[in-house]
Amino acid sequence: MSVSAEQRSKGPPVSFTDAAVIDAFRHIPDYLARDAALMARGRLLDVDCLLGPTVQPFHVSIRAGAIVDITPAPVLMRSSRFSYLASPQAWAAYWQPMPKAGWHDLLSLTKRGEATLSGDLHPFIAHLQYFKDVLALPRRHGFGGAA
Amino acid sequence: MTAFIEPIVGRYVHVEIDGETNRIYFEENGSGIPLVCLHTAGSDARQWRHLLTDKEFTKHFRVIAFDMPWHGKSNPPDSGYGTEYKLTTASYTATIRAFCKALDLDRPVVMGCSIGGRIVLNLAIDHAKEFRALIGLEAADFQQPWYDTAWLNRPDVHGGEVCAALVSGLIAPQGPQVARNETLWGYKQGGPGIFKGDLYFYRVDGDLRGRTASIDVRECPLYLLTGEYDFSCTPEDTLRTAAGIKGAEATVMEALGHFPMSENPAQFRRYIAPVLDDIRARNGA
């Protein structure tokens with residue numbers, strides 16, 4: 001089902017499908033594996049967390065800055081240290097080549113209520129720019145055919 | 001000598017603030033109406049280097065930017081080492097007024113960004129007669145917090161990295177990459193706990209709601225300009241503040257965020273040039 005962001009709520013003029021957002025998320029481990037500099041910034045990070053669209057979160061396992069596993073939630077009794085979940089329209093807007101004001105940063109999304117951050121935030125905050133850049137990778141790789 | 005040397009001159013002035021001498025580093029260039037520039041929380045006066053070297057502006061303005069005590073090349077006061085730094089409305093106001101007095105500035109224009117924009121409002125409320133115009137960038141009487149400042153200064157999180165990473169999202173994506181990087185570099189270099197201490201003023205002590213209505217722009221013109229990408233001090237925060245001040249001018253700047261003068265100097269110039277022209281016209285300069 002294709003819906004525009006504006007149909008869901010007041011938001012940026014970005015067309016997307018939930019399936020496209022979920023598919024883009026599945027590709028993030030591959031995008032990251034091709035970015036040695038970004039991997040190096042996460043070299044001291046080992047964490048299991050819950051990331052992704054609210055309609056389909058993913059259990060993400062990070063070891064030494066690499067995503068070694070990404071599995072759709074729920075997984076029976078799987079633990080996660082923290083979660084960052086955003087609406088599909090938020091991800092679609094965040095991944096635009098030139099995101100609109102207010103849709104351009106993980107924390108602008110939490111401030112506007114399009115994303116939620118919960119759990120033990122230490123690994124997220126200590127590697128904040130890493131997470132911002134990892135979760136922005138679909139932007140660089142032409143989400144929605146933009147690049 | 002063939003190397004390019006910028007016209008900025010940097011010196012130290014000894015300024016007595018609250019009974020103690022502070023050795024304050026400042027840079028200046030130009031002549032004419034004194035224009036004192038205030039940097040954002042947790043950074044320093046390097047943010048103003050493009051304005052300081054603007055050939056047109058410095059024909060008519062003596063542009064001056066200083067590092068607040070504890071920031072950049074201005075060390076803490078001698079008694080400050082080992083104490084927790086906390087900027088307050090009173091200490092910030094005292095610092096600006098003492099600096100202007102130390103340099104014998106005649107009714108300077110003060111332009112501040114972020115915490116500098118907030119304190120400009122306090123100058124307009126309590127000390128308008130001392131200034132010929134006030135410019136608040138990313139300024140509002142109050143804005144909603146969007147993170148816990150406790151993360152900014154703790155042993156298990158790198159202070160420079162976290163400060164820069166938090167504010168990186170306040171920069172508009174349209175700016176030149178090198179200017180965006182340089183803006184963040186300032187945040188990576190701040191002393192431990194200094195950004196957090198500045199935000200004590202911003203978040204706790206400097207709430208000006210209910211006070212700005214007393215500002216009289218006939219006594220001192222007030223210009224407010226905020227970048228559209230600033231989700232900390234949002235355009236709505238600035239417009240709400242301006243709406244409560246009779247005669248205040250508010251502008252929303254496109255393709256700019258929380259650090260207009262450093263993140264995209266050329267774009268910022270488009271917005272600040274008319275303001276400085278207006279101030280010149282009002283002063284016959």
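Here is the naming used below: chain letters follow the sequence lines, and residue numbers restart at 1 for every chain.
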Measuring from atom [atom1] of [X] to atom [atom2] of [Y], what distance do you get when rounded to the nearest 0.5 angstrom?
| X | Y | atom1 | atom2 | value |
| --- | --- | --- | --- | --- |
| A:Arg112 | B:Trp146 | CZ | CH2 | 14.5 Å |
| B:Ser168 | A:Leu106 | OG | CG | 9.0 Å |
| B:Lys188 | A:Gln129 | NZ | CD | 7.5 Å |
| B:Thr234 | A:Lys111 | OG1 | NZ | 5.5 Å |
| A:His122 | B:Trp151 | NE2 | CH2 | 6.0 Å |
| A:Asp105 | B:Leu170 | CG | CG | 7.0 Å |

Check A:Ser108 against B:Phe231 and note the closest heavy-atom contact, atom names and distance.
CB-CD2, 3.4 Å
Dump the intermediate steps for side chain to side chain contact (heavy atoms under 4.5 Å, CB included) on A:Lys132 and B:Leu166, then the final yes or no.
CA-CA 10 Å; A:Lys132 285 186 177 187; B:Leu166 277 163; 5.7 Å; no
Honestly, the part of A:Leu121 sitting under 4.5 Å from a heavy atom of chain B is both
With a 4.5 angstrom heavy-atom cut-off, which part of B:Leu152 approaches chain A: side chain, backbone, both or neither?
neither
When B:Val162, B:Asp156, B:Val157, B:Asp230 are compared by non-hydrogen pairs under 4.5 Å with chain A, the top option:
B:Asp156
So, does B:His158 use its side chain to make a donor-acceptor pair with the main chain of A:Ala126 at under 3.5 Å?
no
